[in-house]
Amino acid sequence: MRFSVACAIALPGLPTRKMGIHKWLQAHSVCCTYEGKRLTFALSDLPEPARRAYVERQIETSGLPSGDYDDAAHAELVAMPAKMRVEAERKAEVTRVLLTVGKALPWSQKLALVKARFGSKGVSQPSLSRLSKAVEGVAPINFAPAILAEYRLQGAASVTVSDAAWSFFVTTIRHAGEGFPLQQAWSDVRDVAPVKGWHWPSWPTVYRRWKALPLSQQLHARIGHVEAARRLAQPALRDKTTILPLEWVSLDGQTKDFWAHNGDGKPRRYTFLPLVDCATASSLIGNLPRARMPAQRCG
């Protein structure tokens with residue numbers, strides 16, 4: 001949540017004039033941005049007394065009861081990374097606006113009101129309903145810590161996806177062919193999920209889960225195990241320019257499918273060893289004189 005210099009005037013611990021606020025922000029290295037001609041900064045960058053006074057002022061203006069200030073919860077909020085604090089403060093303000101409006105407006109007008117004031121990021125009826133549920137029984141002054149409690153440093157809690165629904169999704173992709181659109185597969189599962197009783201989240205959630213899979217699993221789902229293994233196999237590339245002829249020799253053996261003896265009458269199956277020069281990749285057997293083998297074929 002961002003607000004202008006004018007909103008910070010006369011807050012506890014801050015100067016009472018715009019120029020003084022500008023100097024204070026510069027002295028404390030507060031990250032500021034211009035929105036048109038207005039210099040704005042995050043509420044979470046203010047000292048705790050000033051932040052608390054601003055929130056109480058906003059609650060009083062909205063007509064909501066402020067409630068008791070939870071020092072421990074706000075201390076945890078202050079200890080969180082700046083990005084999380086900003087988002088928590090923004091959602092807290094959105095929630096207070098929703099409570100102020102109450103049931104006087106339908107959802108379509110509530111959404112329009114919130115979008116006009118806070119932007120369209122994360123503004124949908126399910127998202128706003130979750131925010132309202134997260135602050136049930138919480139004093140308005142403590143909305144930001146309560147909303148932050150739904151999140152942790154690793155991000156939002158994972159959305160539950162039914163195993164059967166995900167299996168249906170992957171199977172649809174494999175059977176439909178490599179070029180089948182992912183969103184169409186998602187739509188197919190969405191249509192079946194209510195009948196089967198599956199929990200199937202929104203398309204962005206499913207797409208993020210798909211993109212988080214390793215490439216090998218994506219290919220396995222798309223084209224099957226055999227073709228995926230073939231595409232992912234890396235051929236062994238050897239640089240032959242640094243070795244001399246006959247410096248490296250490769251041997252390969254093959255046992256022949258006949259029996260012979262070398263004069264002692266004992267039958268044997270002989271194994272032949274061809275030699276391959278690695279520098280030229282040519283067989284040396286053809287260049288060597290053929291030796292007579294005293295063995296005689298049996299039978």
From [atom1] ([X]) to [atom2] ([Y]), nearest 0.5 Å:
{"X": "Leu213", "Y": "Leu219", "atom1": "CG", "atom2": "CG", "value": "11.0 Å"}
{"X": "Glu227", "Y": "Arg230", "atom1": "CD", "atom2": "CZ", "value": "4.0 Å"}
{"X": "Gln218", "Y": "Trp210", "atom1": "CD", "atom2": "CH2", "value": "5.0 Å"}
{"X": "Thr95", "Y": "Arg130", "atom1": "OG1", "atom2": "CZ", "value": "12.0 Å"}
{"X": "His74", "Y": "Asn142", "atom1": "NE2", "atom2": "CG", "value": "4.0 Å"}
{"X": "Glu89", "Y": "Ile147", "atom1": "CD", "atom2": "CD1", "value": "9.0 Å"}

Please tabulate, for the side chains in residues 172-183, all donor-acceptor contacts under 3.5 angstrom to protein atoms that are two or more places apart in sequence or on a different chain.
from	atom 1	to	atom 2	distance (Å)
Thr172	OG1	Phe168	O	2.7
Arg174	NH2	His220	O	3.4
Glu178	OE1	Arg231	NH2	3.1
Glu178	OE2	Arg231	NH1	2.9

A side-chain contact here means heavy atoms from C-beta on lying under 4.5 Å apart; do [X] and [Y] qualify?
{"X": "Gln184", "Y": "Trp186", "answer": "no"}
{"X": "His199", "Y": "Val161", "answer": "no"}
{"X": "Val94", "Y": "Val97", "answer": "no"}
{"X": "Pro204", "Y": "Tyr207", "answer": "no"}
{"X": "Val276", "Y": "Asp252", "answer": "no"}
{"X": "Pro145", "Y": "Asp70", "answer": "no"}
{"X": "Trp200", "Y": "Val206", "answer": "yes"}
{"X": "Tyr270", "Y": "Asn262", "answer": "yes"}

Which heavy atom in [X] sits nearest to a heavy atom in [Y], and how many Å separate them?
{"X": "Arg190", "Y": "Pro194", "value": "O-CD, 3.1 Å"}
{"X": "Phe143", "Y": "Val138", "value": "CE1-O, 3.2 Å"}
{"X": "Ala144", "Y": "Ala92", "value": "N-CB, 3.6 Å"}
{"X": "Asp277", "Y": "Leu246", "value": "OD1-N, 3.0 Å"}
{"X": "Gly253", "Y": "Leu273", "value": "CA-CD2, 3.4 Å"}
{"X": "Ala146", "Y": "Ala134", "value": "CB-O, 4.2 Å"}

Same cluster or not: are Leu215 and Ile223 linked, directly or through other Ile, Leu, Val, Met, Phe, Trp or Tyr residues, by side-chain heavy atoms under 4.5 angstrom apart?
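Result: yes, single cluster for both.
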Within 45 degrees of the axis of the six-membered ring of Phe272 and under 6.0 Å from its centre: does Lys256 put its NZ or CZ there?
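Relative to the ring axis of Phe272, which defines the angle, Lys256 lies inside both limits.
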Can you tell me if Thr205 and Ser202 form a side-chain donor-acceptor pair at under 3.5 Å?
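Present: a donor and an acceptor within the cut-off.
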If you count the non-hydrogen atoms of other residues, nucleotides and ligands that lie under 6.0 Å from CG in Asp68, is the total more than 12?
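Not buried by this count: 12 neighbours or fewer within 6.0 Å.
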For Asp264, look at atom CG and say whether over 12 heavy atoms of other residues, nucleotides or ligands are found less than 6.0 Å away.
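Result for CG/Asp264: enclosed.
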Regarding Arg96 and Glu93, does a basic nitrogen lie under 4.0 Å from an acidic carboxylate oxygen?
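Salt bridge present between Arg96 and Glu93.
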Salt bridge present between Lys133 and Glu136 (N-O < 4.0 angstrom):
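Looking at Lys133 and Glu136, the cut-off is not met.
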Measure from the side-chain N and O atoms of Arg268 to the backbone N and O of Ala260, and report whether any donor-acceptor pair falls under 3.5 Å.
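No; zero donor-acceptor contacts below 3.5 Å.
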Determine, step by step, whether Ser250 and Leu275 satisfy the side chain to side chain contact (heavy atoms under 4.5 Å, CB included) criterion, reporting the C-alpha distance in whole Å, the side-chain angles of both residues, the deciding distance to 0.1 Å, and the verdict.
CA-CA 6 Å; Ser250 175; Leu275 288 79; over 6 Å; no
Aromatic ring proximity, centroids under 6.0 angstrom, Trp166 and Phe169
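Yes, they do, as the ring centres are separated by less than 6.0 Å.
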